[in-house]
Structures are given as structure tokens and as C-alpha cells.
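Read through the structure below, which is laid out as C-alpha cells, and then see the notes.
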Amino acid sequence: MTRALSSIRARLDRAGVVLSGLCAAHCLLSILIVSALGIGGEFFFAPVIHRIGLAIALVIAAVAIGWGALQHRRAAPFVIAMMGLTFMGGALAVPHGVHEVVLTIIGVTLVSIGHILNLRAAH
């Protein structure tokens, strides 16, 4: 049973890394597409997409990293991921543009690092 639960947590950590990468790609590609082609701004920059992304990141990080922290008792993955989620939340508070992208990229990078450290600490 413990092995199965560890497998679930590891899958959540991997999903967190993949979703962080997809979020970063969304940010960068959105700016390029909207800037170069002038289309899709109402979809790519819709606040609801960012709120949903942050909510998903919060749930996955809370379960995977919180669970991992309880098992391996290392604070670094938790602290780094929470800093990343804070940056992502801060990105919701600024207007669309460079500041939002920078905060989001910093945030998703830190969340990914937190998930990777969590995977390593659990082994």
C-alpha cells in the first residue's frame, strides 16, 4: 500500500513538472503569437486561464509536495514550491505584459524545482 501511495505522489510530482513547462510555453508562445499575428489575445490572455492554471498548480503542489514533506521531512521542496506559487499568484495581480510573464516564468520554474527536489528526496 505504501509503495502504491508513493507511486501516486511521484506521478503528481511529474505532472507538476510537465504542467509547469506547459504553463511557461503558454506564456511565451502567447506573447509571440499575439505580437506577431495580432490574433488570439482574448483567448490567450483570458484571466480565467491563469486562475485555473494557478488552482491546478496549487492542488497538485499541495498534495504532492505536502505529502512528500511529511514523508521525507525536508523543507526545501516545500519552501521552493510555495515561493513559486506566490510568484504565480503575484502574476495574477499585475496587468498582462512583461511583468506578468516574468513573474509567471519565475513561479513555474520554482514550482518545477520544488517538484524535482521532492522526487529526489523521496528516493
Strictly distance-based, threshold 3.5 Å: is any side-chain N or O of H26 a donor or acceptor partner for the main-chain N or O of L22? no

Heavy-atom closest contact (F87 atom, G107 atom, distance): CB-CA, 3.6 Å

So L117 and R74, do their side chains get closer than 4.5 Å, heavy atoms only? no

What is the distance from atom CD1 of I80 to atom CD1 of I113, rounded to the nearest 0.5 Å? 6.5 Å

Any R9 side-chain heavy atom under 4.5 Å of Q71 side chain: yes

So M88 and V108, side-chain contact (heavy atoms from CB on, under 4.5 Å) or not? Walk me through it. CA-CA 7 Å; M88 289 172 65; V108 298; 3.9 Å; yes

Tightest non-hydrogen contact, residues P95 and E100, listed as O-CB, 3.6 Å

Of all the heavy-atom pairs spanning A81 and I65, show the shortest one and how long it is. CB-CD1, 3.2 Å

Roughly how far, to the nearest 0.5 Å, is OG of S112 from CG of L19? 9.0 Å

Measuring only between side-chain heavy atoms, which start at C-beta, is T104 closer than 4.5 Å to C23? yes

Would you name the heavy atoms of L92 and R51 that are closest together and state the gap between them? CD2-N, 4.1 Å

Nearest heavy-atom neighbours spanning W67 and I8: CZ3-CG2, 4.1 Å

Can you tell me how far apart CZ (F78) and NE2 (H72) are? Round to the nearest 0.5 Å. 11.0 Å

I'd like to know if L70 and V63 are part of one continuous hydrophobic network [Ile/Leu/Val/Met/Phe/Trp/Tyr, side-chain heavy atoms within less than 4.5 Å]. no

Could you check whether any side-chain heavy atom of L110 comes within less than 4.5 Å of a side-chain heavy atom of L85, counting everything from C-beta outward? no

Separation between CG (L103) and OG1 (T86), nearest 0.5 Å, reads 11.0 Å

Rounded to the nearest 0.5 Å, what separation is found between the CE atom of M82 and the CG atom of L58? 7.5 Å

Check whether N118 reaches the backbone of A64 with its side chain - one donor and one acceptor, N or O, closer than 3.5 Å. yes

To the nearest 0.5 Å, tell me how far H115 NE2 sits from I60 CD1. 6.5 Å

Shortest non-hydrogen contact from G114 to P77? O-CB, 3.5 Å

